[in-house]
Amino acid sequence: MNEKLAINGGKKIRDTYLSYGRQCIDDNDIQEVIKVLKGDFLTTGPSVKKFEDKVASYVGAKYAVAVSNGTAALHAACFAAGIKEGDEVIVSPMTFAASSNCVLYCGGKPVFVDIDPKTYNIDVSKIEEKITKNTKAIIPVDFTGQVADLDKINEIAEKYNLTVIEDAAHALGSEYKGNKVGTLSHMTEFSFHPVKPITTAEGGMIVTNDEKLYQRLELFRTHGITRDKGLISHNEGPWYYEQIDLGYNYRITDVQCALGSSQMDKIDGFIKRRREIVGKYNIAFKELNDFITTPYEAEFSNSGWHIYVIKLNLDKLKVSRKEIFEALQAENIGVNVHYLPVYLHPYYKNLGYKRGICPEAEKLYSQIITLPLFPNMTDSDTNDVIEAVKKVIMNYRK
Ligand SMILES: *Cc1c(COP(=O)(O)O)cnc(C)c1O
């Protein structure tokens with residue numbers, strides 16, 4: 001006999017709701033933020049540069065530009081890459097809308113290339129057929145923290161003279177062939193939203209090894225305004241600056257960067273704990289392998305595990321993803337779904353994108369559920385998730 005599901009009036013696996021992701025803030029983080037609040041600079045001060053240097057040195061990049069959020073970082077990267085009206089940019093559909101909205105912000109056209117059904121990242125064998133004379137860039141996404149096949153992507157980019165903007169919002173600390181994400185593309189974007197590998201509440205960054213791109217990113221962060229003697233047309237005095245391009249106010253604050261620097265001191269521990277929990281999930285779910293597929297990781301990737309996505313084998317289950325999702329929620333397990341393929345959002349449909357562009361991504365979307373995963377999850381939390389998944393799957397198996 002199966003245990004009665006909470007959704008059918010049975011006892012819940014846990015009394016309190018376990019969210020799918022959550023920041024880890026400790027007293028040290030709080031003290032670092034307070035120091036800045038008591039100091040001279042609230043917005044661009046020394047903490048911004050310190051945080052940029054910390055992330056740059058962690059990933060091994062020469063330059064870093066911290067901005068107000070990851071979406072602003074992607075927008076800045078598209079600007080730096082020179083994306084403008086009429087340009088096409090190759091994007092993975094299995095991502096948050098920001099990965100392709102940044103192309104639209106610049107007047108460009110996102111061109112979606114289907115995913116590899118094993119890794120869920122952009123299928124590198126399908127990129128070239130989508131390249132036209134208007135293609136200017138590729139935005140691979142390191143979905144879940146698993147790194148996209150960057151060697152292949154860079155090879156294609158070089159052949160067609162394209163800029164690679166890596167959306168590594170999930171992947172700070174992830175590795176590709178033993179190298180940390182951050183120097184493997186022309187520009188790499190990170191997000192510091194609370195559920196991401198580290199947090200600044202809101203925040204984002206672009207890292208690059210290219211000085212020209214770095215200058216463009218800095219300009220874009222502050223209205224397109226500069227005091228750089230090499231960039232202004234002439235100099236009228238010590239007060240003088242010029243706006244030489246149309247940028248935005250995408251600055252991040254010193255307060256946020258103090259939190260970010262403090263979080264960077266703990267990132268390796270965060271990732272270690274995420275990997276531990278993923279290891280427990282993988283072992284526990286082996287007995288369910290007729291019903292669910294656990295994440296596959298390509299041998300070139302060493303993921304920092306931003307999220308843990310299971311894929312349901314719907315042929316072996318009596319219900320759809322929706323019923324399983326609702327049953328897990330009723331057990332107080334904070335499941336989620338990442339993501340609706342971007343072009344299926346009404347805004348994109350109105351732009352003319354149609355169902356069927358990326359069949360693998362659409363199929364995957366109907367099968368996936370994201371389970372809770374964050375560094376402060378206890379072993380008991382982890383076991384609750386495992387027990388709930390087993391309970392629900394066993395109830396709904398054919
Ligand atoms: C979170 C996220 C972003 C955007 O980051 P924000 O900091 O929330 O603006 C971009 N791409 C992906 C894949 C993300 O998960």
Side-chain angles (χ1 to χ4, degrees), residues 19-23 51 55 64-79 89-106 110 112-113 115 119-122 137-148 150 153 164-174 181-182 185 187-207 217 220-221 248-253 256-257 259-260 263 274 295 301 303-309 336-343 345 348 358 361 364-365 368 370 373-374:
S19 69
Y20 89 93
R22 195 187 145 78
Q23 69 276 13
F51 179 44
V55 176
V65 178
V67 292
S68 47
N69 56 68
T71 306
L74 286 167
H75 187 188
C78 284
F79 167 83
V89 178
I90 305 274
V91 191
S92 170
M94 187 45 66
T95 186
F96 183 58
S99 311
S100 68
N101 286 346
C102 57
V103 178
L104 297 176
Y105 296 157
C106 295
F112 295 96
V113 168
I115 55 162
T119 64
Y120 313 156
N121 277 328
I122 195 165
I138 308 178
I139 305 182
V141 179
D142 300 325
F143 178 63
T144 73
Q146 160 145 250
V147 188
L150 295 172
I153 291 166
V164 180
I165 301 168
E166 184 180 351
D167 183 342
H170 298 185
L172 180 60
S174 291
V181 156
S185 310
M187 288 176 274
T188 305
E189 169 261 339
F190 299 117
S191 164
F192 310 123
H193 176 280
V195 297
K196 303 286 164 77
I198 63 156
T199 191
T200 59
E202 292 281 358
M205 196 179 286
I206 315 97
V207 293
L217 293 165
F220 194 69
R221 169 171 61 182
Y248 288 71
N249 177 357
Y250 276 165
R251 292 188 300 268
I252 189 168
T253 66
Q256 291 167 297
C257 288
L259 176 57
Q263 289 263 298
R274 284 177 181 274
S301 169
S303 179
W305 294 109
H306 163 53
I307 50 176
Y308 188 88
V309 174
N336 214 308
V337 172
H338 298 93
Y339 296 96
L340 175 70
V342 173
Y343 60 84
H345 285 287
Y348 279 80
C358 300
L364 182 69
Y365 167 67
I368 45 178
T370 303
L373 176 60
F374 54 93

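Owing to the predicted nature of the structure, the values given are computational and were not obtained by experimental measurement. No hydrogens, no waters, no symmetry mates; every other heavy atom, side chains included, goes into these values. Read the numbers this way: they start at 1 and go in the same order the structure lists the ligands and their atoms.
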Please confirm whether D167 comes within less than 3.5 Å of ligand 1 when only nitrogen or oxygen atoms on both sides are compared. yes

Taking the ring centre of each residue, are Y250 and F79 less than 6.0 Å apart? no

Any Y339 heavy atom less than 4.0 Å to ligand 1: yes

Where is the tightest heavy-atom contact between Y20 and V195, given as atom of each residue plus distance? OH-CG2, 3.7 Å

Quick one: look at T95 and ligand 1, take heavy-atom pairs under 4.0 Å, and tell me if it's side chain, backbone, both or neither. side chain

Test item, G204 contacting ligand 1 (heavy atom, 4.0 angstrom): no

What is the closest protein heavy atom to atom 4 (C) of ligand 1, and at what distance does it sit? T71 OG1, 3.5 Å

Short N or O distance, K196 and ligand 1, threshold 3.5 Å exclusive: yes

Please say whether G70 places an N or O atom under 3.5 Å from an N or O atom belonging to ligand 1. yes

Which of the ligand 1 atoms, numbered from 1, are nearer than 4.0 Å to a heavy atom of G203: 7 (O)

Of all heavy-atom pairs between V309 and P295, which one has the smallest distance, and what is that distance? O-CG, 3.5 Å

Please say whether S191 places an N or O atom under 3.5 Å from an N or O atom belonging to ligand 1. yes

Looking at every non-hydrogen atom in both residues, tell me the closest pair between H193 and T199 and how far apart they are. C-OG1, 3.5 Å

Are side-chain heavy atoms of K196 and L172 found at a separation under 4.5 Å? no

Of all the heavy-atom pairs spanning F143 and H338, show the shortest one and how long it is. CZ-O, 3.3 Å

Distance from Y339 atom OH to I307 atom CD1, nearest 0.5 Å? 5.5 Å

Of the side chain and backbone of H306, name the one, both, or neither that has a heavy atom under 4.0 Å from an atom of ligand 1. neither

